[in-house]
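Here the structure is laid out as C-alpha cells; the discussion comes afterwards.
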Amino acid sequence: MRTQVGIIGAGPAGLMLSHLLHLQGIESVVLEARSREHVEHRVRAGVLEQGTVELLTETGLGDRLHREGLVHHGVELRFGGEGHRIDLSGLTGGRTITIYGQQEVVKDLIAGRLQAGGDVRFEVSDVTVDGLTTDRPSIGFTHDGEPQTLECDVIAGCDGFHGVSRHAIPGGVLTEYDRTYPFGWLGILAEAAPSSEELIYTHHDRGFALASLRSPKLSRLYLQVRPDEDLDEWPDERIWEELRTRLATHDGFTLNEGPVVERLVAPLRSWVAEPMQYGRLFLAGDAAHIVPATGAKGLNLAVADVVTLARGLARHYESGDDGLLEAYSETCLRRVWRVQHFSWWMTSMLHRFDPADVYQHRLQLAQLQYVTSSTAAATTLAENYVGLPL
C-alpha cells in the first residue's frame with residue numbers, strides 16, 4: 001500500500017487531520033485499533049472552543065453541530081455558597097463555547113471521511129512503524145487477518161498516550177514533563193434536565209464539583225474523589241447527596257436528579273513530551289500531551305495540533321518548502337504550554353489538595369475572590385476558556 005500521509009489513530013486528531021488534508025488534495029490512510037462503534041461511543045470531552053466550532057463549520061462538518069450543540073456565553077464559579085458568573089462573551093468580544101460531545105464530533109468526522117471516499121480502517125492490530133528518519137517511512141499492521149505494509153511520506157501519530165507512535169521514538173530523544181494530581185473525578189451521566197443553563201465550577205471544603213450537561217435532557221456531573229476510588233462504594237444516593245452538599249448555595253440551589261446511566265472514575269494528570277516530531281513522525285493530541293479536564297482543553301488542543309500540521313503538509317506538497325513542518329513542534333508547544341498553565345491554574349484554584357492545609361485553602365479563596373471581582377482577572381480566564389485563535 002502507498003499513500004502520502006499515514007495516520008495512526010481515529011480519534012478527533014487523526015480524523016480531523018485526514019479531513020483537512022483531503023480538502024488540500026492530499027491523500028491519507030487512517031488506521032485505528034478499535035472498532036468504529038467503539039470510537040463513536042466513547043464519551044470524552046464535551047466543550048468546544050469557538051475556534052474548533054468555526055473550523056468544523058468552515059470545513060463542511062458543522063450542520064449537526066449547529067442543530068444540536070448548545071452555545072454558552074458564560075460559566076459560573078461557585079464558592080462559599082455563592083455563585084459568580086464569568087461573562088465569557090462580554091469579556092472576549094462575543095466569543096462563546098459550545099457543548100457538543102467528543103463522540104458526536106467523531107461521528108461527524110467519520111461520516112465526512114467515508115462520504116468523501118476516505119480510507120479509514122478500524123480494528124487493525126500489530127501496528128509498527130519503521131524508517132522514520134528516511135524519505136519512505138512505513139507502517140506495518142494487520143487488518144482482516146492479513147499482514148500489510150503502508151508506505152508513506154509522513155506518519156502522524158494520533159494514537160494517544162498508550163499508542164505505538166511515541167514509543168517508536170528512540171530513547172533519549174524526548175523530554176517528558178509530568179504532574180499527577182492526588183485526586184480524580186467521579187463522573188456520572190444522568191437522565192435529568194440540567195440544573196443550570198451554564199456550567200458550574202464549585203470550590204467546596206469537601207472537594208471540587210462540576211455541574212455540566214450533554215443535552216437538554218442529560219446532565220453530566222463530577223465530584224473530586226481519590227484517584228483510586230472504588231465505584232462500588234458510591235451508590236446513586238451517596239453521589240446525589242454529595243453533589244447536593246457541594247453545589248448548595250445560600251439562596252437554595254436546586255439540583256435536578258434522575259437515573260444514573262453511566263459512571264466512571266478518571267485520574268487527573270498534566271503531561272507533555274517534547275519535541276513533538278522525530279524525522280518523518282509527527283505527534284498530535286494525547287500522544288504528545290495531556291491536560292486535566294478542569295480547563296476543557298484536551299480535544300481543542302488536539303485540533304490545534306493538526307491544524308498546524310495540515311498547514312505544514314500543504315506547504316510541503318505545494319512548493320517543497322518544509323519550513324512549517326520543521327517548526328511544527330516549536331509552534332505547537334507554545335500553545336501547549338499556555339493551555340497546560342491554564343488547566344493547571346484552574347485545577348489548583350478549585351480542588352482541595354490536602355484538607356489539613358488551611359493555608360492553601362485561604363490562597364484559593366483569595367484567588368477566586370479576585371477572579372470574580374476584577375475585570376482584568378476575569379478576562380484572563382475568559383480568553384483562555386473560549387480558546388485562543390487557531
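One is the number of the first residue; the rest follow in order along the sequence. Predicted model, so just to flag it, every value in this text is computed and none were measured.
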Over 12 foreign heavy atoms within 6.0 Å of CD, Glu37: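 Not more than 12 within 6.0 Å, no.
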Neighbour count above 12 (heavy atom, 6.0 Å) for Arg2 CZ: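 Correct, the count exceeds 12.
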Between [Y] and [X], do the side chains contain a donor N or O and an acceptor N or O under 3.5 Å apart?
{"X": "Tyr100", "Y": "Arg214", "value": "no"}
{"X": "Gln224", "Y": "Trp185", "value": "no"}
{"X": "Ser18", "Y": "Arg113", "value": "yes"}
{"X": "His66", "Y": "Thr57", "value": "yes"}
{"X": "Arg179", "Y": "Tyr181", "value": "no"}
{"X": "Ser319", "Y": "Asp321", "value": "no"}
{"X": "Glu54", "Y": "Gln50", "value": "yes"}

Separation of Arg315 CZ from Leu324 CG (nearest 0.5 Å): 4.0 Å
Straight-line distance of Gln277 CD to Leu281 CG, nearest 0.5 Å: 9.5 Å
side-chain contact (heavy atoms from CB on, under 4.5 Å), paired with Met16, selected from Leu299, Leu56, Val307: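 Answer to the side-chain contact (heavy atoms from CB on, under 4.5 Å) test with Met16 among Leu299, Leu56, Val307: Leu56.
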Audit row: Phe141, Ser125, side chain to side chain contact (heavy atoms under 4.5 Å, CB included) steps and yes/no: CA-CA 6 Å; Phe141 64 98; Ser125 60; over 6 Å; no
With a 4.0 Å cut-off on N to O distance, would you call [X] and [Y] a salt bridge?
{"X": "Arg64", "Y": "Glu104", "result": "yes"}
{"X": "Arg121", "Y": "Asp119", "result": "yes"}
{"X": "Arg36", "Y": "Glu40", "result": "yes"}
{"X": "Glu241", "Y": "Arg246", "result": "no"}

Centres of the [X] and [Y] rings: under 6.0 Å?
{"X": "His351", "Y": "His204", "answer": "no"}
{"X": "Tyr177", "Y": "Trp337", "answer": "yes"}
{"X": "Phe353", "Y": "Phe183", "answer": "yes"}

Close side-chain approach of Leu189 and Ser219, heavy atoms under 4.5 Å: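 Heavy-atom side-chain distance check fails, nothing below 4.5 Å.
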Close side-chain approach of His38 to Glu123, heavy-atom, < 4.5 Å: no
Full working for salt bridge (charged side-chain N to carboxylate O under 4.0 Å, His left out) between Arg335 and Asp305: CA-CA 9 Å; Arg335 187 187 191 97; Asp305 288 346; over 6 Å; no
Check against salt bridge (charged side-chain N to carboxylate O under 4.0 Å, His left out), Arg34 and Glu32: CA-CA 6 Å; Arg34 304 282 192 169; Glu32 168 60 45; 5.4 Å; no
For residues 159-167, which side-chain donor-acceptor pairs fall under 3.5 Å, sequence neighbours excluded?
residue, atom, partner, partner atom, Å
Asp159, OD1, Ser165, OG, 2.9
Asp159, OD2, Val164, N, 2.8
Asp159, OD2, Ser165, N, 3.1
Asp159, OD2, Ser165, OG, 3.0
Arg166, NH1, Phe161, O, 3.1
Arg166, NH1, Ala287, O, 3.3
Arg166, NH2, Phe161, O, 3.1

Heavy-atom closest contact (Gly9 atom, Val30 atom, distance):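 Smallest interatomic distance, heavy atoms only, reads O-CG1, 3.6 Å.
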Face-on cation placement of Arg311 at Tyr328 ring, 6.0 Å and 45° thresholds: no
